[in-house]
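Notes to accompany the following structure.
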Amino acid sequence: MKILFSQTIPADARLVARIADKGTMPAGLETSLVEGARIARFKGNAGQSFDGFVDRGEKVVRVAIAGAGEPGSKDRRTNLEKAGAALTAKFLTSGETSMVLDLSDSALGAQDAASVLLGLRLRGWRHDEYRTKLKEEQKITLKTVTVVGAPEGIDAAWADASAVATGVEFTRHLVSEPANKLFPVSFVEKCRKMFEGTGAELIVLDDEAMETLGMGSLLGVGLGSDQPSRILAVRWNGGAASAKPMCFVGKGVTFDTGGISIKPAAGMEDMKWDMGGAGAVAGAMLALVTRKAKANVVGVMGLVENMPDGKAQRPGDVVTSMSGQTIEVINTDAEGRLVLCDALHWAQQEFSPLAIVDFATLTGAIIISLGHEYAGLFSNDEDLAARLDTAGKATGDKLWRMPLAPAYDKLIDSPIADMKNVGPRGGGSITAAQFLQRFIAKGTPWAHCDIAGMAWADKAGTTWDKGATGYGVRLMDQYIRDTLEASAEG
Ligand code: BES
Ligand code: MN
Ligand code: ZN
């Protein structure tokens, strides 16, 4: 969807949208619209919408009104996104090809208007690449939105917000791609293309390099696959040359069959999005790079395919991680932590980060705990946890804090190695987090976000269609704004 700006409403406009706060109506509307909206019980609630047709001289115009809720709401930003998204949801496949968003009488500032546009654009993203037989009425028709009467400063505000949208869309693309198209090598290639000419530095480790580094845990997961494994790091130095970077790490299992501890057939296709953590990190880096964030950030992605095969690792195998710690692989389906532990260790060694936050579709158990509303947040640092929580609330990428404790840690002790890769059935998300914590150096602030319930949605939400949500991109972007970029200015 293209978003354009104009001073005046084009003469041929057939669809004009307006934004209304709760309990108000845009100025200058025909009585039939005002009455119609009242009868249809349109109240200007966030995400509510109404549309009607009016005769304006020589043409009939369709007028749509989207509700933005109370102006003073603490959820104002989300509500404005909902208003924009409601318009897209309504008209994306409606046959309308262009829409005017008339903001001329609205009191919205540049940031507010950018929020409406962000919602509008995010809700319009779909992955139709492999659908060659879509019926006419299923195809996207709405191609351009022309904003009229945008507030002063919209150019900068929208450049900033649209960079975030670009990141979210890249994540959704990666997460939606099937595993025969997206595997470690093609993931890296897609990133190479996306980051080309942006000023970001890409570092790629192949199997041989990882072997040399002693990443026996990550490499063990890839043994059963014909696809070689990779680590990809995207480095962006937008801050002071001497400043340590913030580091994000993502689980990128491009397909998770479970390995020899194979998963049941039903629903296994979902495991194409087991690279959702790495996808989110790639998208967040793209957002930061596109808006030239004034911060040093590095995104590290552990990319592996988990398959059963004659060469695959077996339950009971003992592997040695790059940290030197040994792991008894009780269940080859608990592979995410085996990938992350080497990626986390390498990231700390290589980049000496200020703090490290990982994103992973790590456990089914987190979906039992939190469903699809919050990702699970585990952290060894109160300040980091609080700031992530704040960023989550601001962007809608919500987090719920979960515990870490020595009593849980004991549950993954092994009789033969330093640890085993699974604990008992209970507290499965927590023991997974405890496992990761064993690879975090003392004194390094670390957080783990278990996004298994968030990367994919079975039904459409406020700013996403069903499918890949792009969860995590906005969270990471906001965190960088609130921390590294805020202190760079102050
Ligand atoms: N990728 C899965 C977790 C997952 C499940 C993500 C459902 C998204 C939706 C992970 O690798 C896994 O298989 N975890 C196991 C761990 C168990 C073997 C200890 C699980 O959750 O069942
Ligand atoms: Mn698994
Ligand atoms: Zn997995």
Side-chain angles (χ1 to χ4, degrees), residues 174 177-189 204-232 250-278 301-346 360-364 412 414-423 428 432 435-436 439 452:
L174 293 169
E177 282 286 78
N180 62 330
K181 310 273 181 193
L182 192 81
F183 37 89
V185 169
S186 63
F187 188 112
V188 170
E189 284 320 306
V204 182
L205 304 182
D206 61 10
D207 285 282
E208 209 186 324
M210 291 190 276
E211 188 77 54
T212 309
L213 288 165
M215 294 188 180
S217 181
L218 184 151
L219 289 170
V221 176
L223 285 178
S225 171
D226 277 349
Q227 297 293 348
S229 305
R230 292 285 185 269
I231 274 187
L232 169 65
K251 168 180 171 181
V253 175
T254 57
F255 197 82
D256 180 14
T257 64
I260 295 300
S261 314
I262 197 162
K263 287 181 182 293
M268 203 203 276
E269 67 280 6
D270 280 352
M271 289 300 107
K272 74 169 184 181
W273 50 263
D274 207 19
M275 36 55 67
M301 292 146 266
L303 305 167
V304 178
E305 186 181 58
N306 188 23
M307 298 286 272
D309 175 82
K311 295 198 183 68
Q313 68 180 346
R314 294 149 291 259
D317 283 4
V318 174
V319 295
T320 303
S321 67
M322 184 184 172
S323 72
Q325 298 181 91
T326 56
I327 304 157
E328 182 188 10
V329 180
I330 297 292
N331 188 322
T332 64
D333 196 13
E335 84 298 338
R337 63 201 76 178
L338 297 173
V339 172
L340 283 173
C341 70
D342 277 338
L344 286 166
H345 182 83
W346 179 74
T361 50
L362 204 62
T363 65
I412 53 168
S414 158
I416 184 171
D418 298 336
M419 70 197 86
K420 53 186 179 182
N421 76 330
V422 294
F435 181 98
L436 299 179
F439 297 85

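Heavy atoms only: backbone and side chains are in, while hydrogens, waters and symmetry mates are out. In this chain, numbering begins with 1 at the start of the sequence shown.
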side-chain contact (heavy atoms from CB on, under 4.5 Å) between Leu218 and Trp346, intermediate numbers included: CA-CA 11 Å; Leu218 184 151; Trp346 179 74; over 6 Å; no
To the nearest 0.5 Å, tell me how far [X] [atom1] sits from [Y] [atom2].
X      : Y      : atom1 : atom2 : value
Leu303 : Ser229 : CG    : OG    : 8.5 Å
Met322 : Leu219 : CE    : CG    : 11.5 Å
Asp333 : Ile262 : CG    : CD1   : 9.5 Å
Met215 : Thr212 : CE    : OG1   : 10.0 Å

Quick one: does [X]'s side chain have a donor or acceptor within less than 3.5 Å of a partner on [Y]'s backbone?
X      : Y      : value
Ser217 : Leu338 : yes
Asp274 : Asp256 : no
Asp342 : Ser321 : no
Trp273 : Asp270 : yes
Thr326 : Asp418 : yes
Ser186 : Phe183 : yes
Asn306 : Thr332 : yes

Side chains of Asp206 and Pro228 in contact at under 4.5 Å (non-hydrogen atoms): no
Test item: Val318 and Ser414 side chains (from C-beta on) under 4.5 Å apart, heavy atoms: no
What is the minimum heavy-atom distance between [X] and [Y], and which atoms define it?
X      : Y      : value
Pro315 : Ile260 : CD-CG2, 3.8 Å
Gly423 : Ile412 : N-CG2, 3.9 Å
Met275 : Phe187 : CE-CE1, 3.9 Å
Glu328 : Gly316 : CG-O, 4.2 Å
Gln313 : Leu223 : N-CB, 4.3 Å
Leu362 : Ala432 : CD2-CB, 3.6 Å

Criterion side-chain contact (heavy atoms from CB on, under 4.5 Å) on Thr257 and Met268, from CA distance to verdict: CA-CA 7 Å; Thr257 64; Met268 203 203 276; 4.2 Å; yes
Sole candidate of Val304, Val329, Val319 that passes side-chain contact (heavy atoms from CB on, under 4.5 Å) when paired with Val221: Val304
Partner of Lys251 under side-chain contact (heavy atoms from CB on, under 4.5 Å), chosen from Glu335, Arg337, Met301: Glu335
Check against side-chain contact (heavy atoms from CB on, under 4.5 Å), Arg230 and Val204: CA-CA 7 Å; Arg230 292 285 185 269; Val204 182; 3.7 Å; yes
Steps toward side-chain contact (heavy atoms from CB on, under 4.5 Å) verdict (Gln227, Thr254): CA-CA 10 Å; Gln227 297 293 348; Thr254 57; 6.0 Å; no
Glu211 atom CD: more than 12 heavy-atom contacts under 6.0 Å: no
Heavy-atom neighbours of Asp226 CG exceed 12 at 6.0 Å: no
